[in-house]
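Shown next, in structure tokens, is the structure this report addresses.
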Amino acid sequence: MTDGEAANAEVEALFALVTARYGARLDAQQREGVRKAIEGIVEQARAVRAVRLGNADEPTPAFRAYRADEPAR
């Protein structure tokens, strides 16, 4: 199965779940909006899963420059 086929299968499975639970409340336009949102979520999730992390990898700390005119937090 190619990456595109796997992504389509994931989209279809998630869309089937949403329509099974909420399909009666959605019209055709809303269903299409939900499908597009699911496609975007699946694409973003696949991008996140593609990043390989080692056991020693830590989150990048947020850099915040000190400014004397700002109150301390």
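Computation of the quantities below employed the complete heavy-atom set of this structure, encompassing side-chain atoms and omitting hydrogens, waters and symmetry-equivalent molecules.
- Applying the salt bridge (charged side-chain N to carboxylate O under 4.0 Å, His left out) test to E12 and every residue at least two apart in sequence or in another chain returns R35.
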Table please: side-chain donor-acceptor pairs of residues 36-56 below 3.5 Å, with sequence neighbours left out.
residue	atom	partner	partner atom	Å
R46	NH2	D3	O	3.4
R49	NH2	E10	OE1	3.3
R52	NH1	R49	O	3.4

Let me check something: any side-chain donor-acceptor pairs from residues 17-30 under 3.5 Å, sequence neighbours excluded? List them with distances.
residue	atom	partner	partner atom	Å
T19	OG1	F15	O	3.0
T19	OG1	A16	O	3.1
D27	OD1	Q29	N	3.2
D27	OD1	Q30	N	2.8
Q30	OE1	D27	N	3.0

